[in-house]
**Student:** 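The structure follows.
Counting starts at 1 for both ligands and their atoms, in listed order.
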Amino acid sequence: MTGATLTVDLAAIEANYRLLKDRSPTARCAALVKANAYGVGVERVAPALRDAGCRVFFVATVDEAIALRGIIGAEPEIFVLDGLPVEAGDAFEAHRLTPVLNDLGQIGRWTERARTAGRALPAVIHFDTGMSRLGLPEDETRRLMDCPAMIEGLNVAYLMSHLVSAENPDSPLNGRQLEAFSAIRAGFPDIAASLANSSGVFLGPRYHFDLVRPGVALYGANPRPGRPNPMREVVRLRARIVQVRRIDAHRTVGYGATHRFAAPATIATLPLGYADGYLRSLSGRGFCYLGGFRVPVVGRVSMDLVTLDVSSAPPELVFPGAEVDVIGGPVPIDDLAEAGGTIAYELLTALGARYRREYVSGDIDE
Ligand SMILES: *Cc1c(COP(=O)(O)O)cnc(C)c1O
């Protein structure tokens, strides 16, 4: 077997979906499958989620939505977060996609189209309560609340907003956004509402409204940083050592000679690098496990290779072809992300195209 193997546990994704759903008993549970299902592989992930009972999917772009419609069939709802591009109206109707309308201009265009078509068109309306990114800003929100007739002709499935700091339950922003969103919602009492992402699910029932929108927790990342991870592990990356070198004291390893050994050392080289999403920021900071021994990344991560200091592992474990845990198992993805100064979202969405990918249902073999 060559190189590196990425194993994705679809049963774990389904279990994670059910856990999030059980945590939000009064709401429906959507699944966020933007960016190729967070890098995990939407073609396999979306059908698994559908099998677990998911009927509402969010993607970022129209192109992702069209691809997803081909994967999951006609029935599930597909909501497109990036809104309604001027030229995309036909595609939305042809593939039965629902735009998340992010400003009054988009609302105007969609209602105009509904009028021309002579029938109600589906929509989600996104209000900005603090992210300052997408969604109706405050002044547009006020105008819409003063004149709800602006959305006549639309079949509004949900009012939504997005939490800024849900992963930090102590942040006062959570309560402030909840209050702002509740006030907006009170203006449209007949329309369902959605606020919570993965971490928002764990902020409690007041945040759940009628639909929760988890993404990263489905893929095994911890929605409650600093506390035990309630999610099941989904992604496991293992690689085989390609070369072992024993080097003398005072030698350096890798580009820039950033790491110099004080004592003789054993280095193992793995066949993956930043081109595979093993981020360069893990240089000198990342770690792997070899047969139960923690082995640190030493020197710079290069495009196709990573070097590990395996001096602490018993020599009989260190040989070309020996398997190393890179992500998952003893290397929780959240911990590795933290070591690299990033978050699990970025490690997941960067997962490389060169890995051999295996999709399994049931525990990833140890
Ligand atoms: C990506 C996204 C989510 C999911 O967030 P997670 O933190 O991955 O659960 C929910 N809502 C919106 C608007 C998003 O863009």
**Student:** Are Met160 and ligand 1 in contact, using a heavy-atom cut-off of under 4.0 Å?
**Tutor:**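 Yes, Met160 has heavy atoms under 4.0 Å from ligand 1.
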**Student:** Report yes or no: does a heavy atom of Ala217 sit under 4.0 Å from some atom of ligand 1?
**Tutor:** no
**Student:** Compute whether any side-chain donor of one residue and acceptor of the other, for Glu167 and Ser199, lie under 3.5 angstrom apart.
**Tutor:**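 Looking only at side-chain atoms, Ser199 and Glu167 do not form any donor-acceptor pair under 3.5 Å.
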**Student:** With heavy atoms under 4.0 Å as the rule, classify the contact between Lys34 and ligand 1 as side chain, backbone, both or neither.
**Tutor:**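 For Lys34, only side-chain atoms sit under 4.0 Å from ligand 1.
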**Student:** Counting both backbone and side chain atoms, is some N or O of Val216 under 3.5 Å from an N or O of ligand 1?
**Tutor:**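 Yes - when backbone and side-chain N and O of Val216 are compared with those of ligand 1, one distance drops under 3.5 Å.
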**Student:** Which residue owns the protein heavy atom closest to atom 7 (O) of ligand 1, what's the atom, and how far is it?
**Tutor:**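 Answer, as residue, atom name and distance: Tyr345 OH, 2.5 Å.
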**Student:** Does the pair Lys34/Glu64 count as a salt bridge with the N-to-O cut at 4.0 Å?
**Tutor:**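 A salt bridge is absent here (no side-chain N lies under 4.0 Å from a carboxylate O).
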**Student:** Name the one of Leu218, Leu20, Asn222, Ile13 that satisfies side chain to side chain contact (heavy atoms under 4.5 Å, CB included) with Met231?
**Tutor:** Leu20
**Student:** Answer with side chain, backbone, both or neither: which part of Ser198 has a heavy atom less than 4.0 angstrom from an atom of ligand 1?
**Tutor:**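 It is both backbone and side chain that touch ligand 1.
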**Student:** Between Leu32 and ligand 1, is there a nitrogen or oxygen pair with a distance under 3.5 Å?
**Tutor:** no
**Student:** Can you tell me if Arg23 has over 12 outside heavy atoms packed within less than 6.0 Å of its CZ?
**Tutor:** no
**Student:** In terms of side-chain heavy atoms, does Asp63 have a donor or acceptor partner in Thr61 at a distance below 3.5 Å?
**Tutor:** no
**Student:** Under 4.0 Å between a Lys/Arg side-chain N and an Asp/Glu carboxylate O for Arg113 and Glu93?
**Tutor:** yes
**Student:** Mind checking whether Arg213 has an N or O less than 3.5 Å away from an N or O of ligand 1?
**Tutor:**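 Among all N and O atoms of Arg213, at least one is under 3.5 Å from an N or O of ligand 1.
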**Student:** Which residue owns the protein heavy atom closest to atom 8 (O) of ligand 1, what's the atom, and how far is it?
**Tutor:**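 Scanning the protein heavy atoms, the shortest distance from atom 8 (O) of ligand 1 goes to Tyr38 OH, 2.6 Å.
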**Student:** Would you say Asn197 has any N or O atom under 3.5 Å from an N or O of ligand 1, going by distance alone?
**Tutor:**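 The answer is yes, given that Asn197 and ligand 1 share an N or O pair closer than 3.5 Å.
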**Student:** Report, in ascending order of atom number, the atoms of ligand 1 lying under 4.0 Å from any heavy atom of Leu81.
**Tutor:**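 Answer, ordered by atom number: 13 (C), 14 (C), 15 (O).
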**Student:** Are any of the side-chain nitrogens in Arg185 or Asp210 under 4.0 Å away from the carboxylate oxygens of its partner?
**Tutor:**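 So Arg185 pairs with Asp210 through a salt bridge.
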**Student:** Cation-pi between Arg294 and Phe287: NZ/CZ under 6.0 Å from ring centre and within 45° of the ring axis?
**Tutor:** yes
**Student:** Quick one: which ligand 1 atoms are inside 4.0 Å of a heavy atom on Pro214?
**Tutor:** 9 (O)
**Student:** Could you tell me how the ring of Phe58 sits relative to the ring of Phe79: parallel (under 30°), tilted (30 to 60°) or perpendicular (over 60°)?
**Tutor:**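 Ring orientation of Phe58 relative to Phe79: perpendicular.
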**Student:** Identify, for atom 12 (C) of ligand 1, the protein heavy atom at the shortest distance, and state residue, atom and that distance.
**Tutor:** His162 CE1, 3.3 Å
